[in-house]
Amino acid sequence: MRIVMHVDFDSFYASLEEQRKPEIKGKAIVICMYSGRGESGAVATANYKARELGIKSAMPIAFAKRRANSDTIFLPVDLEYYRSISSQIMDVMESYADSFQQASIDEAYIDVSSCESFTEAEKIAKQIKDDIKSNFGITCSIGIGPNKLVAKMASRAKKPDGLTVVKQEDVKNFFSSLSVDKIHGIGGKTTTVLAEMGIKTIEDLAKADVAKLELSFGKNKAKLLKEKALGTDESPVAEQAIKQMSRIGTLQEDTSDFSEIYKKVEQFATEMHKKIIKRKIYFRTVSIIIIGANIEMVTRGKTIQATNKLEDILDNAKILLKEYLNQDSGKVRRAGIRISNLVTEEQKENSGLYKFFK
DNA sequence: CGACGTGTAAC
DNA sequence: CCTTTTACACGTCG
């Protein structure tokens, strides 16, 4: 039996800004991602004061400004700073872990199965919270459960600065009160379809007929939904191998001019190339990502032999972009690049051997 | 089955 | 009025 902890830093970006700018403490704070077109952009994080005004992550900045009052602070993201602090906190947390998994810049799973009991795990959680608070001046919310799914849902149950423990025998009771959209992995679309089937609570979902779920969701997802509703999750706490890498950005203005768009793609490709060389990663697929003036996203990709050369990204991106602009229509608002089908050096060598012996 | 493009979801 | 990055599942095509 495992004991898994999920740690979630409370409105991380906003908390860090508050921490280094004491004069804004106590105010509504909105951390913004600007696209480079004046005030256009989206909200990355809003602190709890700002959330009370109805300002939420992913909301267009223009919307947030309408909801803001004269005391609301708007700041641009400083990702480099957040990343450096995040990595320091991750190091601290990892020191408490039997195994560790960073889930994002502000979330991590800590396997503490070597604890004799949930009570002991809870003590460690308190230590972690104190440790983070005294060393970095921010709070976090922690959930403890028998697996990652339950731990994650527990950490969300009480925020900010929460600590929630859900033992195996408490899972059923903890879940029964919640609506399906509280399950990690069930978003708006799935919730709507489930509601049409008369399934509203996690309890409803746990009792639902799998065959009926399969009609709407397909075999795989139906099974997954059912498992989640029962609080089952065997996935281990372990760092996941990276499978793809992408960069995308907004153009100065909407355009269908090849060289304007390619300039941006080239810039992203160069940055990404540095990263894969440093990490000794090879790729097999190059894709361009295009978001039109209508905000619809399109991707066009091509798979080749494993490589790590910048030239291979650039050449393929160039071809794909030309093809796209030739046939498709409409102006482009945002453009970017993705490499996927990532392989390690070793995997690349092996695929070479396979070819050799074939 | 692999490749490709889209949709859903979470951050 | 519209950000960024990653993962995964599904349908389709050859």
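Proteins come first, then strands; the chains are lettered A, B, ... in the order of their sequence lines, and each starts at number 1. The shown structure was predicted, so the numbers you read here are calculated from the model rather than taken from an experiment.
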For A:Ser287, report the nucleic acid contact type (base, sugar-phosphate, nothing); a contact means any heavy atom under 4.0 Å. nothing
I want to check one thing: is the phosphate of C:dC8, taken as OP1 and OP2, less than 4.0 Å away from some side-chain N or O of A:Asn220? no
C:dT4 phosphate, OP1 or OP2, under 4.0 Å from A:Arg334 side-chain N/O: yes
Side chains of A:Thr201 and A:Ser179: any donor to acceptor distance under 3.5 Å? no
Can you tell me which nucleotide in C:dC1, C:dT3, B:dC11 comes closest to the side chain of A:Arg156? B:dC11
Base, sugar-phosphate or nothing for A:Ser246? Non-hydrogen atoms, less than 4.0 Å. base
If you look at every strand shown and take non-hydrogen atoms under 4.0 Å, does A:Gly336 touch a base, only sugar-phosphate, or nothing? nothing
Quick one: is the NZ or CZ of A:Arg338 closer than 6.0 Å to the six-membered ring centre of A:Phe268, and within 45° of its axis? no
Return the 5'-most residue of the pair A:Arg338, A:Lys219 with respect to DNA chain C, ranking by each residue's nearest nucleotide. A:Arg338
Assign A:Glu107 to base, sugar-phosphate, or nothing according to its heavy-atom contacts below 4.0 angstrom with the strands shown. sugar-phosphate
Length of the line joining A:Arg83:CZ and B:dC11:P, which is rounded to integer Å: 18 Å
Give a yes/no on whether any side-chain N or O of A:Arg37 is located under 4.0 angstrom from OP1 or OP2 of C:dT3. no
Have a look at A:Leu225 and tell me which of A:Asn220, A:Leu230, A:Ile186 forms a side chain to side chain contact (heavy atoms under 4.5 Å, CB included) with it. A:Ile186
Could you check whether A:Ala58 gets within reach of a base, just the sugar-phosphate, or nothing at all, counting any heavy atom under 4.0 Å? base
Presence of A:Thr299 side-chain N/O under 4.0 Å of B:dT6 phosphate oxygens OP1/OP2: yes
